[in-house]
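These notes concern the structure reproduced below.
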Amino acid sequence: SDTLANLGRIALLEGDNAEARRCYEQARTISHNMGVIRGLVPSLEGMANCARAMGHYGEARRYLHEALQLSSQHIASLTPLIFVGIGELFLQTGKQARGLELLALAVQHPASDQDMKERAQRLLNQYQVTAEAAQQVSTNLYFNAVTATLVDELLIDEGKPLTSQTPQGGETLVEPLSEREQEILALIANERSKREIAEQLFLSVATVKWYLTHIYSKLGVQDHTLAITRARQLNLLP
């Protein structure tokens, strides 16, 4: 899982988003199957970076939300990594001040490793934020409070809105279902409850409900029965 995540990072730096996504998805699958949350978090952050690089900001936000929940509940030392990913997303979606705050926090946090600090510092340098200014920002913010706020903040739609229109026959979705959304839809089609899905995918029930809301919106339906019917019409389910 670690090796695949590293390969994904290299591919992303080289601009090969498709290969990066493939590596990160394999890393996530391995970590999920083994129940290793320490591997899940960076692979989700990597998948978010791939989505962001391709302009799929809603998908990136959902992966980051999932990664942040996992890190804050289980491995807080990985939360600064998610701050960097969220900071980059915010810089690209019109929330520059908030993005720079998160990057400053990541740079100053004692759990941040050297690579993480350098990645965040490069972005701060692009916006001409000095080390003194970054330290001042991080001093005035409480890490745990910011983490709790971000979990809710990422639920707010930004960038390209989700479509509420039902696609006509032969058309594709305006915003396609992400790999995670397809996974949840398939489990719903197999008559799994929200709680069962949450336990299988290491999510909270609230996060599963959140994903379902986005799935329904993309498919232009109001409940899971209609979602399954529409997904089969679009060949998204067998």
Side-chain angles (χ1 to χ4, degrees), residues 1 4-32 37 39-71 78-96 98-99 102-103 106 116 119-120 122-123 150-163 172-186 201-203 207-208 210-219 231 234 236:
S1 176
L4 283 163
N6 288 332
L7 288 171
R9 182 182 177 191
I10 293 170
L12 193 61
L13 289 171
E14 292 178 341
D16 191 345
N17 295 324
E19 175 63 12
R21 177 65 178 263
R22 186 188 69 80
C23 291
Y24 281 123
E25 284 183 346
Q26 287 188 13
R28 188 188 70 171
T29 298
I30 292 171
S31 296
H32 171 264
I37 294 176
L40 270 176
V41 172
S43 59
L44 285 166
E45 195 263 347
M47 291 173 70
N49 289 333
C50 294
R52 176 180 53 76
M54 293 185 284
H56 300 159
Y57 299 129
E59 183 180 347
R61 189 171 59 252
R62 290 188 283 279
Y63 283 131
L64 288 167
H65 179 267
E66 187 176 331
L68 183 62
Q69 282 199 316
L70 285 171
S71 68
L78 290 178
T79 298
L81 170 67
I82 313 306
F83 275 22
V84 178
I86 299 171
E88 288 189 86
L89 176 65
F90 282 178
L91 290 178
Q92 288 187 251
T93 54
K95 299 187 69 174
Q96 179 176 322
R98 183 61 161 164
L102 297 176
L103 293 171
M116 196 187 308
R119 177 179 157 196
R122 280 195 298 270
L123 289 164
L150 274 177
V151 170
D152 293 330
E153 193 173 339
L154 287 170
L155 295 175
I156 302 172
D157 287 338
E158 303 175 58
K160 186 170 75 170
L162 299 173
T163 177
T172 58
L173 297 178
V174 175
E175 185 178 359
L177 298 183
S178 69
E179 189 262 349
R180 177 61 104 190
E181 289 166 343
Q182 291 177 7
E183 189 175 17
I184 290 174
L185 181 62
L201 301 181
F202 302 104
L203 303 174
T207 299
V208 172
W210 182 56
Y211 271 113
L212 286 173
T213 299
H214 286 278
I215 292 169
Y216 298 162
S217 181
K218 289 182 179 183
L219 294 175
L234 295 169
L236 298 175

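Scope of the values below: all heavy atoms of this structure, side chains included, with no hydrogens, waters or symmetry mates.
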The criterion is side chain to side chain donor-acceptor pair (under 3.5 Å); which residues satisfy it with R9, sequence neighbours excluded?
none
Output all residues satisfying ring pair (Phe, Tyr, Trp, His ring centres under 6.0 Å) with Y63, sequence neighbours left out; order by chain, then residue number.
none
Name all residues meeting the side chain to side chain donor-acceptor pair (under 3.5 Å) criterion together with E59; count only those two or more places apart in sequence or in a different chain, and write none if there are none.
R21
Contacts of Y24 meeting side chain to side chain donor-acceptor pair (under 3.5 Å) (sequence neighbours excluded), chain-then-number -> none
Which value, rounded to the nearest 0.5 Å, describes the distance between Y216 atom OH and L185 atom CG?
8.5 Å
Between G8 and A20, what is the shortest heavy-atom contact and its length?
O-CB, 3.3 Å
Residues in salt bridge (Lys or Arg N to Asp or Glu O under 4.0 Å) with R28, at least two apart?
E179, E183
Using side chain to side chain donor-acceptor pair (under 3.5 Å) as the criterion, list what pairs up with S43, not counting sequence neighbours.
none
Residues which pass salt bridge (Lys or Arg N to Asp or Glu O under 4.0 Å) with E19, listed by chain and number, not counting sequence neighbours:
R22
The side chain to side chain contact (heavy atoms under 4.5 Å, CB included) partners of I37 (sequence neighbours excluded) come to V41, L70, H74, I75
Taking only residues two or more places apart in sequence, or in another chain, which ones meet E181 in a side chain to side chain contact (heavy atoms under 4.5 Å, CB included)?
R62, L177, S178, Y211, H214, I215, K218
If you compare all heavy atoms of A67 against all heavy atoms of E45, which two are closest, and at what distance to 0.1 Å?
CB-N, 4.4 Å
Check side chain to side chain contact (heavy atoms under 4.5 Å, CB included) between I30 and all other residues, then give those that pass, not counting sequence neighbours.
S1, L4, M34
Partners meeting side chain to side chain contact (heavy atoms under 4.5 Å, CB included) with A53 (sequence neighbours left out):
L12, N17
dist R180:CZ -> L201:CG (nearest 0.5 Å) comes out at 4.5 Å
L219 and L234: CA distance, side-chain angles, deciding distance, side-chain contact (heavy atoms from CB on, under 4.5 Å) verdict:
CA-CA 9 Å; L219 294 175; L234 295 169; 4.0 Å; yes
Minimal non-hydrogen separation, A48 against A60, with atom names:
O-CB, 3.4 Å
Rounding to 0.5 Å, atoms CG (L81) and CG (L68) come to a distance of 10.5 Å
Euclidean distance, L13 CG relative to N49 CG, rounded to 0.5 Å:
9.5 Å
Do L150 and L102 have side chains that get closer than 4.5 Å, going by heavy atoms?
yes
When rounded to the nearest 0.5 angstrom, what is the spacing between CD in E88 and OG1 in T93?
11.5 Å
For L7 and C23, work out which heavy atoms get closest and say how close.
CB-SG, 4.0 Å
From I86 CD1 over to L103 CG, what is the distance, rounded to the nearest 0.5 angstrom?
10.5 Å
In the structure I gave you, are the side-chain heavy atoms of F90 and Q96 within less than 4.5 Å of one another anywhere?
no
